[in-house]
Each structure stands twice: as C-alpha cells, then as structure tokens.
Colleague: 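Could you have a look at this structure, given as structure tokens, before my questions?
Computed from a prediction, not measured in an experiment: that's the story for all the values here. Labels below follow one simple rule: chain letters A, B, ... track the order of the sequence lines, proteins then strands, and each chain is numbered from 1.
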There are 2 protein chains.
Amino acid sequence: MTSGQPLPQDRQQSLTIAQVAERTGLTHDTLRYYEKAGLIERVGRTTGNQRRYQAADLAWLEFLLRLRETGMSIADMQRFAGLRARGDETVADRLSMLREHRAELAERIRALRRNAAALDDKIDHYERLLDERQPGTDGPT
Amino acid sequence: MTSGQPLPQDRQQSLTIAQVAERTGLTHDTLRYYEKAGLIERVGRTTGNQRRYQAADLAWLEFLLRLRETGMSIADMQRFAGLRARGDETVADRLSMLREHRAELAERIRALRRNAAALDDKIDHYERLLDERQPGTDGPT
DNA sequence: GTAGAACCTGGAGTGTGCTCCAGGTCAAGC
DNA sequence: GCTTGACCTGGAGCACACTCCAGGTTCTAC
C-alpha cells in the first residue's frame, strides 16, 4: 500500500495547509509565516491559488522543526534554507552550520544536566525542610 | 578564611550593582528589572539610595538563573518568589513547583537528545554527500 | 447553483524578556 | 569643592516569533 498504482488524478499525497498544520502541530498562520520568511520555498498551488504540500515539503518542515526545537533562530534557519535553495554547491556550508549547531546543542544539553543536578539538590533540601516541619506524614511505618 | 573576624565597618561583602552584574552575567538593567518584577525582594540601599547586594541576594539570584536557564518563565519565577516571600508555610508549594519543573526539564532533555541523534544522522548524510562530490579531499592515504 | 467552510493576501497587533533613555543624584579621587 | 563615573527612577522602545484581522476568493457537498 505504499506506491502500487497512481492515485486518482495526480494530487497523490499532496496536503492542504490544514492537514499539514495538523501533522506538524504548527498553525496555518505559522506555516504561511514560514513561507513568507523564506524558510520554505514557495509551496505549489492549485489553479485556485491554494497551497498543496508535497511529501518533500513536509520532510523539510519536519527538519526545520528539529532545528527550531533545538534552539536555532529563524534568522539562522533562513540562512540554512537560503543555502539549500542554492543547491549542491552549498553542501559544505550547510554541513558546517549543522556541525556548529550540533556542538552548541551538546553544550546546552550538558548545561541543562548540570542545572538538573543542582535542582535535584534543591529539591532534596526542600524535602528535608518539609520533613522537619511535618515529621511522620510521609506514610505509616 | 570563611568567617574569621568581621570585616572593617559592617558592609561585609555587600556588592554594588556593577559587581553583581559582573558576577552573574546579568546587566544592571536586568537586575533592576528583576527587582521591579518582584523576582528579587527589594535589595538593601545605602543612605544615598544605591543598591548593596548581600551574599543571600546573590545566592537567590544564582538560583533564579538556574531556573531561567532551565526554561522557567518570568511569570513562574514570580510565583515562586512570591511563595518564598510568604515564608515557611509555602515550602510544600515550592517543592511541588520545583518537582514539576524538574520533570519538564527531564522531558526537554530527552527531546533534545532525540533531536541531537536525528541531527547526527543528517550530518552523516551531508558528509556522505560531500564525499561523493569531492572524493579524496578528506586527507591523504 | 448555492451555502458554508476553508483558503488567500498584506499588514497590524501581541507577549516575552529584556534594553535604552532622559534627567537627575551620589560617591571617590584630586 | 569639583569633576567624573557610577548609580537612581519611570517609562518608552525593541527583537523575536508568532498571531490575528479584514476583506476577498475557492472548494466541496448538497
């Protein structure tokens, strides 16, 4: 059931903006904003000028979301998308952007883990405080 | 050298706003903003109305920064600071706020690690692409 | 062929977390 | 006692990443 015979007409698995919104968790407005901002290349339209997203559009969006979730700014995503639009000659540049982003992410994760450990200490501290003030309410024997 | 004899006068290790800015990495403006917003209780002043931060102020600030770095909003920090200002009776509430924040943080770290792994795959992909286009430029032998 | 939902555009508005400014006061060295 | 840099306040302004709006068009189901 993956690519047997072509589906009726040739709209294959093209998706409306509402369907993409549901799949990605973005809103219609955010999808249009990303397109306006150049994060997504102009999406194909119906004859009536309505967007129809293809599988490739969705895959790219999902990659963008990964960049966003790992803290990349819109400005940097614009840079990346711009390089991508220029084609294969920019592969090295894109790779170095990704490597740099990956390194920053590693550092951020390390910092979060340090802070998590400190939070754990603080939580322990509050637990002891609470035990002193209300001893024995933590369950019987 | 921790608490031998009292230092001259009684300004002990009280710090100016510039000194606190340097130690915390915050700006003067941000420190004043945090105070205005109620994240910090009103800091002690000189007779001439200039702020002098005590060790306890600094410790609290550092804790706030940990909350901020782990993604807590100003609004939630305000809630926490408000509870703290009400004293010991709010320890249980503060504890549960911290536990919730800690759990969210754990989830965020997990998500970041998943995304980091996906980024690594993408990086591998780009590295292979680059090798195909420019074989043998990765060093001799 | 028509009702109603979904979609379109350009542009204005919003929430968050600062950051800057004007106009004045204070403190430390000479 | 004067200069100069640090500090004060209230309030305006800003960057970012959306989010909403008005007014119009298109699509789908009947």
Colleague: Which of the following nucleotides, dC18(C), dC8(C), dC7(D), is nearest to the side chain of N49(A)?
Modeller: dC8(C)
Colleague: Consider the side chain of T30(B), meaning its heavy atoms from C-beta on, and name the nucleotide among dC7(C), dT9(D), dC18(C) that approaches it most closely.
Modeller: dC18(C)
Colleague: Quick check on DNA chain C: between R68(B) and Q50(B), whose nearest nucleotide comes earlier from the 5' end?
Modeller: R68(B)
Colleague: Please give, in whole Å, the distance from dC7(D) C1' to E35(B) CD?
Modeller: 13 Å
Colleague: Grab the CD1-P distance between I74(B) and dT19(C) for me, whole Å please.
Modeller: 11 Å
Colleague: Is D29(B) touching bases, backbone alone, or none of the nucleic acid, heavy atoms closer than 4.0 Å?
Modeller: base
Colleague: Where the side chain of T27(B) is defined as all heavy atoms beyond and including C-beta, which of dG17(C), dC8(C), dT19(C) is the nearest nucleotide?
Modeller: dT19(C)
Colleague: Counting N and O atoms only, with roles assigned by atom type, does the side chain of T90(B) sit under 3.5 Å from a partner on the main chain of D93(B), one being a donor and the other an acceptor?
Modeller: no
Colleague: Using 30° and 60° as the class boundaries, would you call the ring planes of W60(A) and F80(A) parallel, tilted or perpendicular?
Modeller: parallel
Colleague: Round to the nearest Å and state the distance from I17(A) atom CD1 to dA5(C) atom P.
Modeller: 19 Å
Colleague: Which part of the nucleic acid, if any, lies within reach of R51(A) when heavy atoms closer than 4.0 Å are counted: base, sugar-phosphate only, or nothing?
Modeller: sugar-phosphate
Colleague: Using distance only, find each side-chain donor-acceptor pair of residues 39-48 of chain A under 3.5 Å and give its atom names and separation, not counting sequence neighbours.
Modeller:
unit_1	atom_1	unit_2	atom_2	d
R45(A)	NE	V43(A)	O	3.0
R45(A)	NH2	E35(A)	OE2	2.4
T46(A)	OG1	G48(A)	N	3.1
T46(A)	OG1	N49(A)	N	3.4
T46(A)	OG1	Q50(A)	N	3.1

Colleague: Under 4.0 Å from OP1 or OP2 of dT26(D): is there any side-chain N or O of T46(A) that close?
Modeller: no
Colleague: Given dG10(C), dT19(C), dG10(D), which nucleotide is nearest the side-chain atoms of K36(B)?
Modeller: dG10(D)
Colleague: Any side-chain N or O of H28(A) under 4.0 Å from OP1/OP2 of dA6(C)?
Modeller: no
Colleague: Distance check, rounded to the nearest 0.5 Å: E132(A) atom CD versus D88(B) atom CG?
Modeller: 10.0 Å
Colleague: Once you round it to whole Å, what is the distance between C1' of dA17(D) and CG of L64(A)?
Modeller: 14 Å
Colleague: Inspect the surroundings of CD in Q19(B) and state if more than 12 heavy atoms from other residues, nucleotides or ligands are less than 6.0 Å away.
Modeller: yes
Colleague: Quick check for you: among dG11(D), dA6(D), dC18(C), whose closest atom lies nearest to any side-chain atom of A18(B)?
Modeller: dA6(D)
Colleague: When you check the gap from the basic side-chain N to the acidic O, do R114(A) and E69(B) get nearer than 4.0 Å?
Modeller: no
Colleague: What integer distance in Å separates Y33(A):OH from dC16(D):C1'?
Modeller: 7 Å
Colleague: Answer with base, sugar-phosphate or nothing: what part of the nucleic acid does R45(B) contact at a heavy-atom distance below 4.0 Å?
Modeller: sugar-phosphate
Colleague: Less than 4.0 angstrom between a side-chain N/O of T16(A) and OP1 or OP2 of dA6(C), yes or no?
Modeller: no
Colleague: Please report, rounded to the nearest Å, how far the P atom of dT16(C) is from the CD atom of Q78(B).
Modeller: 10 Å
Colleague: Without decimals, in angstroms, what is the distance between Q19(A) CD and dC27(D) P?
Modeller: 15 Å
Colleague: Would one find a side-chain N or O of Y34(B) under 4.0 angstrom from OP1 or OP2 of dC18(C)?
Modeller: yes
Colleague: What is the distance from CZ of R32(A) to C1' of dG11(C), rounded to the nearest Å?
Modeller: 14 Å
